[in-house]
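Here's the structure, in structure tokens; my notes come after.
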Amino acid sequence: MTSRQGKVDDQQEETYERVRPVYQQLTQRTERLISDLLNGDEIAAIIESRTKTPRSFNEKVSRQGKVYRNPLSEITDLSGIRIILNSLRDVERVKTIIGREFAVDPVHSVSKGNVDFDRFGYQSVHLVVRVSKSRLELAEWNELAALPAEIQIRTRLQHTWAALDHVLVYKTQLDAPPELRRGLSRLSALFELADEELDRLLEARRAQSVEYEKRLGRGENDVQINVDSIRTYLVSSPEPKRWNSFLRAAVKVRVGYRDWGDLPRIVRFAARFNLQSIAEIDRLLQNARDWGESFLSTYFSEQFDREML
């Protein structure tokens, strides 16, 4: 690097250091907004964020083979958010949410389908976004209007592959020694196949839960006991709802299906006592009404008394 180039890079780094607090605000507010949006749609996710450091900014600007006329306007990932999801279906759902809530730059955004044929692995979704017009009406977003942020959306398996990618360093087949290329290609294909199979499995599970709900709704309780059938029963059947109502009215305790305890443990108990179907569990709850209501009233009364001491 010439002394003149070094001086230019130092000036660019100083300029970025002065404006970096605004990018930090963009990162924090974008992360918080995405978290609220995903919670509202009940999408489980790990959300990570970072604002590029001045040193990292300088390294990118100084990288050989890349020339920036105006780095602050040309670099789109100074503010970065990563969303790690359970399934490819969730990736598509989150893409839709981001497209609805932000202004997406299609030129600088990259989706999975854009991967070159000779690359190892498969890329996650990278969306370059700016504040949407509707959100610009809010004062706290106004000063962030022109600033881009990069949002990466990936599954857990894509995230694992990305971590391995940093270890392996090979980006394309030309980078790897010939004797390693076949193994890397197979490993890459296995990761992609696993993601697709997991998606199919989760979709089959959702469909099975819908079928359980239909059968239980028709009073067909001869459903085999497993975690999914128990969960559906607790959410949708009259007898659990009756017990929930009793607890709310008699002892002022609000209960959802998650409060019924460890569902796999319930399945194991059912197997130990040779219970085969949801109908048998339903009968047990019905037969327990008299002594069960008395027991729970006494139990919670004593529990609250201890807490008051």
With sequence neighbours excluded, residues passing side-chain contact (heavy atoms from CB on, under 4.5 Å) with R100: I97

Would you say E293 and F246 make side-chain contact, with heavy atoms under 4.5 Å? yes

Side chains of V223 and L216 in contact at under 4.5 Å (non-hydrogen atoms): yes

Partner residues of S245 under the side-chain contact (heavy atoms from CB on, under 4.5 Å) criterion, sequence neighbours left out: R248

Backbone of N70 reached by a side-chain donor or acceptor of S73 within 3.5 Å: yes

List the atom of E239, the atom of Y233, and the distance in Å for their closest heavy-atom pair. CB-OH, 3.7 Å

Parallel, tilted or perpendicular for Y299 and F295, by the 30°/60° rule? parallel

Of all residues at least two apart in sequence or in a different chain, which pass the salt bridge (Lys or Arg N to Asp or Glu O under 4.0 Å) check with R156? none

Grouping I, L, V, M, F, W and Y whenever their side-chain heavy atoms are under 4.5 Å apart, do I98 and V128 come out in a common cluster? no

One should read off an interatomic distance between R50 CZ and L78 CG, to the nearest 0.5 angstrom, of 7.5 Å

Between the main-chain N or O of K52 and the side-chain N or O of S56, is there a donor-acceptor pair closer than 3.5 Å? no

Each residue besides I84 in its hydrophobic cluster should be listed here, by chain and number; the cluster joins Ile, Leu, Val, Met, Phe, Trp and Tyr at side-chain heavy-atom distances under 4.5 Å. I46

Would you say the side-chain atoms of D105 and S109 include a donor-acceptor pair closer than 3.5 Å? no

Report the distance from atom CG of D222 to atom CZ of R215, rounding to the nearest 0.5 Å. 5.0 Å

For the side chain of N39 and the backbone of S35, is there at least one donor-acceptor N/O pair under 3.5 Å apart? yes

Looking only at heavy atoms, the pair that brings D262 and R268 closest together is OD2-NH2, 4.3 Å

Side-chain heavy-atom pair R242, R289 within 4.5 angstrom cut-off: yes

Considering all heavy atoms, the nearest N226-V267 contact: C-CG2, 3.6 Å

For E31, salt bridge (Lys or Arg N to Asp or Glu O under 4.0 Å) partners two or more places apart: none

Tell me whether R272 forms a cation-pi arrangement with F269, defined as NZ or CZ under 6.0 Å from the six-membered ring centre and within 45 degrees of its axis. yes

Of all residues at least two apart in sequence or in a different chain, which pass the side-chain contact (heavy atoms from CB on, under 4.5 Å) check with E92? K95

Cluster question for you: counting only ILVMFWY and a side-chain heavy-atom cut-off of under 4.5 Å, with indirect links fine, are L284 and W243 together? yes

For D290, does the CG atom have more than 12 heavy-atom neighbours from other residues, nucleotides or ligands under 6.0 Å away? no

In terms of hydrophobic clustering (I, L, V, M, F, W, Y; side-chain heavy atoms under 4.5 Å; direct or indirect links), are V131 and V19 co-clustered? yes

To the nearest 0.5 Å, tell me how far T30 OG1 sits from Q25 CD. 11.0 Å

Residue list, side-chain contact (heavy atoms from CB on, under 4.5 Å) with Y68, at least two apart or on another chain: K60, K66, P71, E74, I75

Test salt bridge (charged side-chain N to carboxylate O under 4.0 Å, His left out) on R55 and E59; report intermediate values, then the result. CA-CA 6 Å; R55 180 179 177 181; E59 288 173 354; 3.5 Å; yes

What's the verdict on side-chain hydrogen bond (donor to acceptor under 3.5 Å, both in side chains) for T155 and D195, showing C-alpha distance, side-chain angles and the deciding distance? CA-CA 8 Å; T155 66; D195 237 346; 2.6 Å; yes

Checking salt bridge (charged side-chain N to carboxylate O under 4.0 Å, His left out) for the pair R20/E13: CA distance, chi angles, key distance, verdict? CA-CA 10 Å; R20 185 170 182 266; E13 183 175 341; over 6 Å; no

Q286: partners by side chain to side chain donor-acceptor pair (under 3.5 Å), with sequence neighbours left out: D282

Heavy-atom nearest pair, A45 first then I83, reads CB-CG2, 4.0 Å

Which pairs of donor and acceptor atoms, one on a side chain in residues 198-205, lie under 3.5 Å apart (sequence neighbours left out)?
from, atom 1, to, atom 2, distance (Å)
D199, OD1, L88, N, 2.9
D199, OD1, R89, N, 3.1
D199, OD2, R89, N, 3.3
R200, NE, E197, OE2, 3.3
R200, NH2, E197, OE2, 2.4
E203, OE1, R206, NE, 3.2
E203, OE1, R206, NH2, 2.9
R205, NE, D228, OD1, 2.8
R205, NE, D228, OD2, 3.2
R205, NH2, D228, OD1, 2.8

Consider only side-chain heavy atoms of I, L, V, M, F, W and Y, link residues closer than 4.5 Å, and tell whether L138 and I34 are in one cluster. yes

Report yes if the side chains of R154 and L85 come closer than 4.5 Å at any heavy-atom pair, otherwise no. no

Could you report the tightest heavy-atom contact between K241 and S236, atom names first, then the distance? NZ-O, 3.7 Å

For the residue pair Y23 and Y16, categorise the inter-ring angle as parallel (less than 30°), tilted (30 to 60°) or perpendicular (more than 60°). tilted

Holding to salt bridge (Lys or Arg N to Asp or Glu O under 4.0 Å), I want the full list of residues that pass it with E48, two or more places apart in sequence or in another chain. R82

What residues, two or more places apart in sequence or in another chain, satisfy salt bridge (Lys or Arg N to Asp or Glu O under 4.0 Å) together with E211? none

Lys/Arg N to Asp/Glu carboxylate O, E101 vs R135, below 4.0 Å: yes

Return the CG to CD1 distance between L127 and I81, rounded to the nearest 0.5 Å. 12.5 Å

Evaluate the side-chain contact (heavy atoms from CB on, under 4.5 Å) criterion for residues I225 and Q276: first the C-alpha distance (whole Å), next the side-chain angles of each, then the deciding distance (0.1 Å), finally the verdict. CA-CA 6 Å; I225 294 172; Q276 302 294 322; 5.9 Å; no

If Ile, Leu, Val, Met, Phe, Trp and Tyr residues are connected whenever their side-chain heavy atoms lie under 4.5 Å apart, and connections chain through other members, are L190 and L157 in the same group? no

Quiz: residues 141-151 side-chain donor-acceptor pairs under 3.5 angstrom, not counting sequence neighbours:
from, atom 1, to, atom 2, distance (Å)
N142, ND2, L136, O, 3.3
E150, OE1, Q152, NE2, 3.3

Closest heavy-atom contact between Q24 and T51? CA-OG1, 3.5 Å

